[in-house]
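Contents: one structure, followed by commentary.
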Amino acid sequence: MNNQITKYVLAGVLGTIIMTLIMMVAPQMGMPEMAPWKLLSGAMDVSIAIGWIMHFMIGILFALGYGYVFAPNVNIPNIWLKGIAFGIVALIAAQIGMKIMGMIFEMPPMDGSMPMRLLAMLIGHIVFGVVTAKVIGK
């Protein structure tokens, strides 16, 4: 595997780890529980371990998208702002993916109000985007 792909995979793993840690402490800050690994495993009726693997694979796929598509084509010179912009794009893509999944599978119910869920998702995806951008670089 070449260095570039390794860096992109590492960015996806690190971004997912940090985003996941934030998701785990979010309920202590008054945010709803955000556990995509549970959502994925519940919707697809697979083990929680498969849900975790899928969660990390999605993070890696998003990081590959950042490295190969977003970063080369989006002219934002500030890496922090570029990461924030990517996080917002990742959030939109994730929501589209969840809608499509909801049309295929029966989705488990989500906790909390919609505005609080959106805020939590926005924070998590922005953190993911910034970590991904910082690891991959310009």
Side-chain angles (χ1 to χ4, degrees):
M1 196 175 331
N2 72 32
N3 262 355
Q4 191 174 34
I5 292 175
T6 303
K7 184 191 273 191
Y8 295 176
V9 169
L10 176 65
V13 169
L14 289 176
T16 303
I17 288 171
I18 295 171
M19 178 182 179
T20 301
L21 291 172
I22 289 171
M23 289 176 179
M24 291 177 155
V25 299
Q28 283 82 33
M29 297 184 291
M31 302 249 182
E33 180 186 30
M34 304 298 290
W37 52 92
K38 289 182 186 177
L39 187 69
L40 291 165
S41 68
M44 302 178 88
D45 197 28
V46 295
S47 73
I48 197 76
I50 299 297
W52 274 102
I53 291 167
M54 291 170 57
H55 175 55
F56 274 87
M57 292 305 297
I58 291 166
I60 291 167
L61 288 173
F62 274 119
L64 290 167
Y66 175 84
Y68 286 115
V69 178
F70 189 87
N73 293 304
V74 175
N75 189 20
I76 300 174
N78 183 298
I79 197 73
W80 294 94
L81 293 176
K82 196 170 205 170
I84 290 169
F86 178 68
I88 293 168
V89 169
L91 172 61
I92 293 166
Q95 289 307 297
I96 291 169
M98 294 303 294
K99 283 290 184 195
I100 293 169
M101 253 184 87
M103 293 164 43
I104 300 169
F105 301 104
E106 185 175 335
M107 301 298 279
M110 292 189 194
D111 294 337
S113 69
M114 179 57 90
M116 288 303 286
R117 284 198 322 257
L118 285 173
L119 178 62
M121 288 186 283
L122 180 63
I123 291 168
H125 284 89
I126 286 175
V127 167
F128 174 83
V130 167
V131 170
T132 299
K134 289 296 286 179
V135 170
I136 292 175
K138 298 181 182 195

Smallest separation among heavy atoms of A43 and M101, with atom names: CB-CE, 3.8 Å

Would a single hydrophobic cluster contain both L39 and I96, if residues Ile, Leu, Val, Met, Phe, Trp and Tyr are joined by side-chain heavy-atom contacts under 4.5 Å? yes

Between A85 and I76 the two heavy atoms that sit nearest each other are CB-CD1, 3.8 Å

Enter the distance from F128:CZ to T16:OG1 here, rounded to the nearest 0.5 Å. 4.5 Å

Common cluster, M103/M54, ILVMFWY with side-chain heavy-atom separation under 4.5 Å: no

Counting C-beta onward and ignoring hydrogens, is there a side-chain heavy-atom pair between M31 and R117 closer than 4.5 Å? no

For the atom pair CD1 (I60) and CG (L14), what is the distance rounded to the nearest 0.5 Å? 10.0 Å

Step-by-step side-chain contact (heavy atoms from CB on, under 4.5 Å) determination, H125 to I92: CA-CA 9 Å; H125 284 89; I92 293 166; over 6 Å; no

Do V25 and V127 belong to the same hydrophobic cluster, where Ile, Leu, Val, Met, Phe, Trp and Tyr are linked whenever their side-chain heavy atoms lie under 4.5 Å apart, directly or via other members? no

Just one of I58, I48, V46, I50 clears the side chain to side chain contact (heavy atoms under 4.5 Å, CB included) bar with L40, so which one? I58

Are there more than 12 heavy atoms of other residues, nucleotides or ligands under 6.0 Å from atom CG of D45? no

Measuring only between side-chain heavy atoms, which start at C-beta, is M23 closer than 4.5 Å to P36? yes

So, for V69 and N73, which heavy atoms are closest and what is the spacing to 0.1 Å? O-ND2, 2.7 Å

Taking it one step at a time, do M34 and M24 satisfy side-chain contact (heavy atoms from CB on, under 4.5 Å)? CA-CA 7 Å; M34 304 298 290; M24 291 177 155; over 6 Å; no

For A133 and G83, the nearest pair of non-hydrogen atoms, with its separation, is CB-CA, 3.6 Å

In Å and rounded to the nearest 0.5 Å, what is the OG1 to CE distance from T132 to M19? 9.5 Å

Residue pairs fulfilling side chain to side chain donor-acceptor pair (under 3.5 Å) with at least one residue in residues 53-65, sequence neighbours excluded: T20-H55

Between F62 and I100, is there shared hydrophobic-cluster membership here, with clusters defined by ILVMFWY side-chain heavy atoms closer than 4.5 Å? yes

Quick one: CD1 on I123 to CG on L118, what's the gap to the nearest 0.5 Å? 11.0 Å

Worked check of side-chain contact (heavy atoms from CB on, under 4.5 Å) between M57 and I53: CA-CA 6 Å; M57 292 305 297; I53 291 167; 4.1 Å; yes

If you take all heavy atoms of A26 and P32, which pair is closest and at what distance? CB-O, 4.4 Å

Hey, could you give me the OH/CD1 distance between Y68 and I136, rounded to the nearest 0.5 Å? 9.0 Å

Return the minimal non-hydrogen interatomic distance between A63 and A11, and the atom names on each side. CB-C, 4.2 Å

Take W80 and V130 through the test side-chain contact (heavy atoms from CB on, under 4.5 Å) and record every step on the way to the result. CA-CA 6 Å; W80 294 94; V130 167; 3.4 Å; yes

Separation between CH2 of W52 and CH2 of W37, rounded to the nearest 0.5 Å: 4.0 Å

Would Y66 and Y8 count as a close aromatic pair, with their ring centres under 6.0 Å? no

Is a side-chain N or O of K82 found less than 3.5 angstrom from the main chain of V74, in a donor-acceptor match? yes

